[in-house]
Amino acid sequence: MHSYNPAAIEKKWQTYWLKHKTFKTPMDRSKPKYYVLDMFPYPSGSGLHVGHPEGYTATDIMARYKRMKGFNVLHPMGWDAFGLPAEQYAVQTGTHPRITTEHNIKRFREQLQAIGFSYDWDREVNTTDPTYFKWTQWIFLKLYEMGLAYEDEVAVNWCPELGTVLANEEVIDGKSEVGGYPVVRRPMRQWVLKITAYAERLLQDLDDLDWPKSLKDMQRNWIGKSVGAEIDFAIQGYEVEKIRVFTTRPDTLFGATYMVLAPEHHLVDIITSEQQRSSVQEYVETSAAKSDLDRQELSKEKTGVWTGAFAIHPVTKKQIPIWIADYVLLSYGTGAIMAVPAQDERDWEFAEAFDLPIVRTVEPEEGFTGKAYTGDGPAINSDFLNGMGVAEAKTTMIQWLEDHGVGSKAINYKLRDWLFSRQRYWGEPFPIIHTDEGAVPLSEDQLPLELPKVDNYQPTGDGEPPLANATEWVNITDPATAKPAKRETNTMPQWAGSCWYYLRYISPDWEGGPVDPDYESYWMPVDLYVGGAEHAVLHLLYARFWHKVLFDLGVVSTKEPFQKLVNQGMILGEMEYTAAQKNEKWIPIDEADETSDKIRLADEEVEKKGDHFVIKGTDIRIEARAHKMSKSRGNVINPDHIIEEFGADSLRLYEMFMGPLEQVKPWSTKGVDGVNRFLHRAWRLLVNEESGELKSTIYEIEPNKEQLKVLHTVIKKVSEDIDAMRFNTAISALMIFVNEANTWSQMPKALAQNFVQILSPFAPHISEELWVKLGHQESIAYQHWPVFDEQWLVDNEIMYPIQINGKVRAELFVSTERAMDKQYVLEQAKANEKIQGYLEGNRLVKEIFVPKRIVNLVIAPR
RNA sequence: GCCAAAGUGGCGGAAUUGGUAGACGCGCACGACUCAAAAUCGUGUUCCUUCGGGAGUGUGGGUUCGAUUCCCACCUUUGGUACCA
């Protein structure tokens, strides 16, 4: 028997591709280019999960398709290999992270090759390779030279459990994103990158990118631009000091009834009166001790203390009290606000709590019953602004402030500078030494600066990084001054290496810089970048920032790195039915709590009643949903097992057939079975299972009209669907073709070849094998993509659905020549026997004729 | 709370410049082949029905000859974000 046997053919073709370097990226630049990129993985110890191959299959189909369409394709893969898990493993076992990492990379590479991805493996990059991170360090030096990297003593997110500092983005609800450990604020000396200097460009340049709207919105929100004014308030009894506030509502200045400083604001100490000093101090201390989590939990009630000081209103010259409160953040704006309770909900709450005056300066809409009014309306109680709408009042007030030298238009961003150091071992060392004179960068020729060997990978308890233990490495002599100096012991965060890896693929061996400018100008930008939505703000914002810096340096030629971006949706585990029991009795799932037992039911134990699933034969509601795959839930699907049972082509096909790429969707191993059956049918369509040869019904004959129509329909559909990345419907079209072709008694060989060609991006192994059986010696990878011909799609008859009052009641077949003849078609429609029945006894009110689409007859009772 | 996306058979999903709702696949049922099973092939499969039809794309309205598609309100789910002045 020679039935379809993926185990036999897949290994064979994977070996063939590697041996012949089938997918080596062409070095000629005569053809149009297509750079298709995957987000490279962190090679974890648990290996690939089924989520990885989803995006990777999509890009592989694009890569294979574009090659056949005559493009030079750059389709590389690499490893984002610095990171915490390998280091934690090192802490536990003493195994050097490099060994763990290499081992994991080997496993990942084998797994990816077993799925038949067409990567150019000669371009593999590894962020932990000194020849790679030499250039990560080089870029850091450039950032330093440009004044975009600086050291600062900042209150950071310190995670005692992980022994490291985290970026704001790595803290979720006051806990670490990795592990969910508590995070506290703590001042520390840190490297910071001035991403805020690029805020405006990072915001503006989003407009021209072909990215999902939701993702652009996320980045816009993250950057958080707001336009308003900065206003200076004089302080009663002080000549020099002023309180500068930022506000988006300068039009409400007349409603400012008090001021609030952040507890950490530098003026607090200066202006606090003697009577208030002890209570202010107490408040400052308690809020400093609070972690972010505490602040959020206590956020419902506003707290604060009066400083005893007064500010002078810049227009009215009235005295208004100055408070401190932790609802004002030092890190945003100027760390001080003018409080306008009537037009700001937070200020209203605070004013209510402490009995401070409230003055409305915007007339609320009629019927407004709320407290603070943030909508538009005419200004009131506002002197020269009275009667103006919000927008006009804003510009008028800004003009007044500028004229009087007490304020000006201002823009603020939520985006903060990027905390760039980590107290870890397994990361890029900073090319920096600390001397008496301060931080001094290494010169380029001293790169790469490699990690020293250490005996202990654990951070010291007080937050000194593990590298501090490597005293021989740390203590050096400054070559410039011959004085003793110390190396920087922090390392860079994992994001560093992934900020520019897409450039290294272009010229992985180039020694003159991060990327060979000659090839950079050919390959950039990335034409298609596919990865998970979890990187929407972190990686993608950081990489864009670095790219813009490199653009300013002339290292790259495009202002944005990734022209088109697609997020693949997560793959969930299999659908699960869960019922609840309390004291051994079934209860509806929505009444279940911690004390009830959750019991998983099999498919045949449940049924759907109305909108809900219930236990079969009862009305007891259960939960029906798919969950995120996780080890603890035990619903993780291992791609190795799927390949073993069904083959890589089936895995690829199923991952694409499940649904739209961007969507979250549940896994179903039964579904893999379905696409596997399709591949068996496709095989049997062409191969005689007795002999293993091409079927005798396939030979060089002229295709008939019907066959050409079926063929060109599928070519058109598959081509258009790949272009639009609608892989699920493309596969459906291939299935329809096979179902059709199976009814033919004989098949023209040319037609069989075209089918195998358009199947090949999806299921490359079986396609290579069938290609050989069709008599070819070369790989199918560079065959020309078939061109569809519109002429074969034209029917000689057109079917018109005939509707009566919008409901289809009959079908009418009209020859193509007469199909546009409105009068004729309507006549035929009305003559239809079935339609006659409807017309009888009724009045024909209206006749709708849409060419080549539909006929609708509107009738009414006589 | 705010921003965004999405709600279609038992399940995954298809169809949107408004024109036959449910393609394709899973599951299920029946039939063929088989001693039998698996595999394979074939037929059917939105629901209700008095077999004439009727209802139907989260809910309620609206626009239209015609709405899954457009508009308004609401509900639910998912993702993001949260004292950002």
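Excluded from the calculations below are hydrogen atoms, water molecules and symmetry mates; all remaining heavy atoms, backbone and side chain alike, are included. Quick caveat: nothing in here was measured; it's all calculated off a predicted structure. In the text below, chain A, chain B and the rest are named by the order of the sequence lines, each starting its count at 1.
In this structure, B:G52 is classed as syn because its glycosidic torsion stays within 90° of zero. Applying the 90° criterion around 0 to the glycosidic angle, B:G61 comes out anti.
As judged by a 4.0 angstrom heavy-atom cut-off over every strand, A:Glu607 is placed among residues making no nucleic acid contact. Using a 4.0 Å heavy-atom cutoff across all strands shown, A:Ser668 reaches no nucleic acid atom at all. If you check every strand for non-hydrogen atoms under 4.0 Å, A:Lys414 touches a base. Contacts of A:Met338 with the nucleic acid, taken as non-hydrogen atoms under 4.0 Å apart, are absent. Across all strands, A:Asn739 comes closer than 4.0 Å only to sugar-phosphate atoms, never to a base (heavy-atom distances). Counting any heavy atom pair closer than 4.0 Å across all strands shown, A:Ile736 reaches sugar-phosphate atoms only and no base atom. Residue-level contact check: A:Pro660 touches the backbone only, with heavy atoms under 4.0 Å from sugar-phosphate atoms and none from bases. A:Val664 comes within 4.0 angstrom of sugar-phosphate atoms only, judged by non-hydrogen atoms across all strands, and of no base. Nucleic acid contact class of A:Arg677 (heavy atoms, under 4.0 Å, all strands): sugar-phosphate only.
Atom pair A:Asp217:CG and B:G79:C1' shows a separation of 12 Å (rounding to whole Å applied). Nucleotide B:G7 holds its P atom 14 Å from the NZ atom of A:Lys665, rounded to whole Å. A:Leu253 has its CG atom 14 Å from the C1' atom of B:A85, to the nearest Å. Per the geometry, NZ belonging to A:Lys717 stands 9 Å off C1' belonging to B:A23, to the nearest Å. The interatomic distance linking A:Ile854 (CD1) with B:G19 (P) rounds to 9 Å, in whole Å. Taking atom CZ of residue A:Arg684 and atom C1' of nucleotide B:U40, one finds them 6 Å apart after rounding to whole Å. Atom CG in A:Asp721 sits roughly 12 Å away from atom C1' in B:A23 (whole-Å rounding). Rounded to whole Å, atom P of B:A14 lies 10 Å from atom CZ of A:Arg726.
For the C1' atoms, the distance from B:G53 to B:U8 is 24 Å, rounded to whole Å. Of the P atoms belonging to B:C26 and B:U34, the separation is 25 Å, rounded to the nearest Å. Distance check on atom P: B:A21 versus B:U57 gives 12 Å, rounded to whole Å. Look at the P atom in both B:C3 and B:A73: the space between them is 13 Å, to the nearest Å. Look at the C1' atom in both B:A15 and B:U69: the space between them is 10 Å, to the nearest Å. Comparing the P positions of B:C70 and B:U17 gives a spacing of 10 Å, expressed to the nearest Å. Distance check on atom P: B:U49 versus B:U81 gives 50 Å, rounded to whole Å. Comparing B:A55 with B:C35, their C1' atoms are spaced 49 Å from each other, to the whole Å.
Comparing B:A85, B:C65, B:C26 by their nearest atom to the side chain of A:Lys670 picks out B:C26. Comparing B:A85, B:U20, B:C3 by their closest approach to the side chain of A:Phe246 singles out B:A85. Nearest nucleotide to the side chain of A:Ser214, out of B:A4, B:C41, B:U20: B:A4. When distances are taken from the side chain of A:Gln803 to each of B:A85, B:C3, B:G19, the shortest belongs to B:G19. Of the candidate nucleotides B:G19, B:A85, B:G25, B:A85 has the atom nearest to the side chain of A:Ser226. Looking at the side chain of A:Met218, the nearest of the listed nucleotides B:U20, B:A85, B:G79 is B:G79. Which of B:A85, B:C65, B:C3 sits closest to the side chain of A:Asn221 comes down to B:C3. You'll find that the side chain of A:Val858 is closest to B:C65, out of B:U20, B:G12, B:C65. Taking every side-chain heavy atom of A:Met735 into account, B:G25 is the closest of B:A55, B:G25, B:A14.
B:G79 is paired with B:C3 under the Watson-Crick or G-U wobble criterion, all donor-acceptor distances under 3.5 Å. Base pairing of B:A73 is made with B:U59, judged by Watson-Crick or G-U wobble geometry with both donor-acceptor distances under 3.5 Å. Remark: B:C47 base-pairs with B:G54. Criterion, Watson-Crick or G-U wobble with two distances under 3.5 Å. A 3.5 Å limit on both hydrogen-bonding distances identifies B:C41 as the Watson-Crick or G-U partner of B:G31. A 3.5 Å limit on both hydrogen-bonding distances identifies B:C65 as the Watson-Crick or G-U partner of B:G19. Using N1 to N3 plus N6-O4 or O6-N4 for Watson-Crick, or N1-O2 and O6-N3 for G-U wobble, each under 3.5 Å, B:G9 pairs with nothing.
Put simply, A:Arg853 has no side-chain N or O that comes within less than 4.0 Å of OP1 or OP2 on B:G66. A:Asn728 has a side-chain polar atom (N or O) that falls below the 4.0 Å cut-off from OP1 or OP2 of B:A14. Contact annotation: A:Asn742 does not reach the phosphate of B:C41 (side-chain N/O to OP1 or OP2, under 4.0 Å).
A distance below 6.0 Å separates the ring centres of A:Tyr258 and A:Phe350. Between A:Phe657 and A:Phe678, the distance separating the two ring centers is not shorter than 6.0 angstrom.
At a threshold of 4.0 Å, the pair A:Lys302-A:Glu352 does not count as salt-bridged, since none of the basic side-chain nitrogens sits closer than that to a carboxylate oxygen. Of the charged side-chain nitrogens involved, none lies within less than 4.0 Å of a carboxylate oxygen, so that A:Glu574 and A:Lys670 do not count as a salt-bridged pair.
Sequence order on RNA chain B of the closest nucleotides to A:Lys608 and A:Asn805 puts A:Lys608 first from the 5' end. Looking at which nucleotide of RNA chain B each of A:Pro801 and A:Thr729 is closest to, the 5′-most match is held by A:Thr729.
Counting heavy atoms of neighbouring residues, nucleotides and ligands inside a 6.0 Å radius, atom CD of A:Gln828 exceeds 12 of them. No more than 12 heavy atoms of other residues, nucleotides or ligands shown are found within 6.0 angstrom of CZ on A:Arg244.
Under 3.5 Å, the side chains of A:Thr196 and A:Arg416 contain no donor-acceptor pair of N or O atoms. For A:Ser650 and A:Asn676, the side-chain atoms include at least one donor-acceptor pair closer than 3.5 Å. Donor-acceptor pairing under 3.5 Å is recorded for the side chains of A:Ser226 and A:Tyr332.
Ring planes of A:Tyr4 and A:Trp683: tilted class, angle from 30 to 60°.
Side-chain atoms of A:Lys302 come within donor-acceptor range of the base of B:C83, with a qualifying N/O pair under 3.5 Å.
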